[in-house]
Amino acid sequence: MSATFRFRPLLLLALLSAGCPRDTGPERLARAQASYQALVEQGVPPSDPRWEAIITEFEGVPRDSPVWPEAEKRIATLKKLHATPLPRRPLSRPGEPDGGSLSLDEHGRPLGQDHAGHDHGPDAPR
């Protein structure tokens, strides 16, 4: 058996492995998830334009990567949240004393008080 014949399988394996691109999907997904987590920790609202960059990072994961389905789920969720306006803040919060906030009149003063801050509500002393 000649020396060339014995090394052909190794040569063939080396050529095939050099031609196979490395899967960068997991690395890209990890970077996008780190950026996502940073914005979540900062409390950035879903309507903020900075989320578009995160969506673009998730879209950078190769479609043929095994982690693409996870990236695709994140993209769909982020796009849905990004397009949905936040609900109005409630005027009261259950479980908080007196609903959590005072009721205000059209001038921003608590109801039942005059401009000097004197109480004229139903429970005010007469």
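Bear in mind that the values here come from a model prediction, so they are computed numbers and not experimental data.
- Atoms OG and CZ, on Ser65 and Arg63 in that order, are 11.0 Å from each other to the nearest 0.5 Å.
- One finds the OH atom of Tyr36 at 6.0 Å from the CG atom of Leu78 (value rounded to the nearest 0.5 Å).
- For the pair Pro62 and Thr24, the tightest heavy-atom approach, listed with the atom from each and the gap, is CG-OG1, 3.8 Å.
- At a threshold of 4.0 Å, the pair Glu59-Lys79 counts as salt-bridged, since one of the basic side-chain nitrogens sits closer than that to a carboxylate oxygen.
- A pairwise comparison of heavy atoms in Glu70 and Leu29 identifies CG-CD2, 4.0 Å as the closest pair.
- Shown here for Pro66 and Asp23, the closest heavy-atom pair between the two residues is CD-OD2, 3.1 Å.
- To the nearest 0.5 angstrom, Phe58 atom CZ is 12.5 Å from Glu72 atom CD.
- Here the straight-line distance linking atom CD1 of Ile54 with atom CD1 of Ile75 works out to 12.0 Å at 0.5 Å rounding.
- One distance of note links CD of Glu57 with CZ of Arg28; it measures 10.5 Å at 0.5 Å rounding.
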